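Have a look at the structure below, then the notes.
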Amino acid sequence: MTINTAINQLVQEELESIHKELKSPIHSQGFRDLFESLRKIIMLENLLIQLGFNPIFVNSIHDEIAQLKENLKPWYSNHLAFQTLSGFLAEKTSISKKYMEWIKELKEEKKSLSSEIEKQAFSFLNKILV
């Protein structure tokens, strides 16, 4: 019973931390923190289930957590590409048009992905913290 209570407390603390730290608009560090928090929650929930205890969340919430975590992967990939290309271009004295177009596309994609994930994250938090 102590293990069950401890895991439930850790999950609750992680959710409260996400709720406190996530402010609109979410910045790059916030997306990374959200991903890590969701990963921890999934790991703790799986541990709880493997130990034979009832899960904390219903299946629909598990699905939302997994979907949100999966949606963060393309955002993170885009973020790394944007960051790498920006660093590469910062060292150039002259930048070709193709690189400028590519960085513009990455920036627009990041903005779109960020907006989608932000809506999903706040919706998810409102469901489980109300």
Side-chain angles (χ1 to χ4, degrees):
M1 192 53 113
T2 304
I3 293 171
N4 184 24
T5 303
I7 291 173
N8 275 283
Q9 182 63 33
L10 288 170
V11 168
Q12 189 61 36
E13 287 173 9
E14 201 64 44
L15 290 170
E16 288 172 7
S17 174
I18 293 171
H19 184 67
K20 262 195 282 188
E21 293 178 19
L22 280 186
K23 303 292 181 219
S24 185
I26 301 175
H27 297 286
S28 296
Q29 182 66 34
F31 285 108
R32 189 187 71 75
D33 293 345
L34 177 61
F35 182 83
E36 288 301 317
S37 290
L38 292 173
R39 193 176 65 78
K40 287 177 195 173
I41 291 168
I42 291 169
M43 180 189 66
L44 290 167
E45 180 83 346
N46 287 339
L47 177 61
L48 193 65
I49 293 167
Q50 290 298 317
L51 292 172
F53 295 104
N54 291 329
I56 298 168
F57 304 111
V58 295
N59 286 337
S60 62
I61 297 296
H62 282 248
D63 293 343
E64 275 195 63
I65 292 171
Q67 184 62 49
L68 183 54
K69 186 175 167 254
E70 285 303 309
N71 287 349
L72 281 159
K73 289 178 182 179
W75 177 91
Y76 194 63
S77 176
N78 172 279
H79 174 70
L80 291 177
F82 183 78
Q83 197 173 39
T84 302
L85 184 59
S86 295
F88 171 75
L89 294 178
E91 297 174 1
K92 300 290 182 189
T93 54
S94 154
I95 302 171
S96 77
K97 186 176 179 176
K98 71 177 182 179
Y99 286 124
M100 292 304 289
E101 289 174 11
W102 188 19
I103 202 157
K104 183 180 176 184
E105 288 173 14
L106 286 171
K107 188 175 183 178
E108 289 172 5
E109 181 182 11
K110 183 176 181 179
K111 187 176 178 180
S112 173
L113 290 169
S114 296
S115 176
E116 181 182 324
I117 292 168
E118 188 173 302
K119 287 176 193 170
Q120 189 179 8
F122 287 120
S123 171
F124 166 73
L125 288 173
N126 286 334
K127 284 180 187 174
I128 60 172
L129 293 176
V130 171

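Scope of the values below: all heavy atoms of this structure, side chains included, with no hydrogens, waters or symmetry mates. All values reported here derive from a predicted model rather than from experimental measurement.
A 6.0 Å sphere centred on CZ of F122 holds more than 12 heavy atoms belonging to other residues, nucleotides or ligands. No more than 12 heavy atoms of other residues, nucleotides or ligands sit less than 6.0 Å from atom CD1 of I3.
Checking side-chain atoms of S17 against main-chain N and O of E13 turns up no donor-acceptor pair under 3.5 Å. When atom types are taken as modelled, the side chain of E45 and the backbone of P55 share no donor-acceptor pair closer than 3.5 angstrom. Side-chain N or O atoms of S86 include one that pairs as donor or acceptor with a backbone N or O of F82 at under 3.5 Å.
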Worked verdict on N4 versus N8 for side-chain hydrogen bond (donor to acceptor under 3.5 Å, both in side chains): CA-CA 6 Å; N4 184 24; N8 275 283; 2.8 Å; yes
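Distance CZ/R39 to CD/E14: 10.0 Å, rounded to 0.5 Å. Atom OH of Y99 sits about 4.0 Å away from atom CZ of F88, to the nearest 0.5 Å. The distance from atom CD1 of I103 to atom CG of L85, rounded to the nearest 0.5 Å, is 4.5 Å.
When side chains are defined from C-beta on, L113 does not count as touching N71, because their heavy atoms never get closer than 4.5 Å. Residues H62 and I65 fail the side-chain proximity criterion, which asks for heavy atoms closer than 4.5 Å. Using a 4.5 Å cut-off on side-chain heavy atoms (C-beta onward), Q67 and Q120 make contact. Looking only at side-chain heavy atoms (C-beta outward), F57 and I41 come within less than 4.5 Å of each other. Between I117 and L68, the closest side-chain pair of non-hydrogen atoms falls below 4.5 Å. No side-chain heavy atom of Y76 sits less than 4.5 Å from a side-chain heavy atom of S28. A heavy-atom distance below 4.5 Å is not found between the side chains of H19 and E16.
The pair K73-E70 counts as a salt bridge, with a side-chain nitrogen and a carboxylate oxygen less than 4.0 angstrom apart.
Judged as a side-chain contact (heavy atoms from CB on, under 4.5 Å), and not counting sequence neighbours, the contacts of E64 are I61, F124, K127.
When only modelled atom types and interatomic distance are considered, Q50 and N46 share no side-chain donor-acceptor pair under 3.5 Å.
With N78 as the fixed residue, the side chain to side chain donor-acceptor pair (under 3.5 Å) test singles out one of K107, E108, E109, K110: E109.
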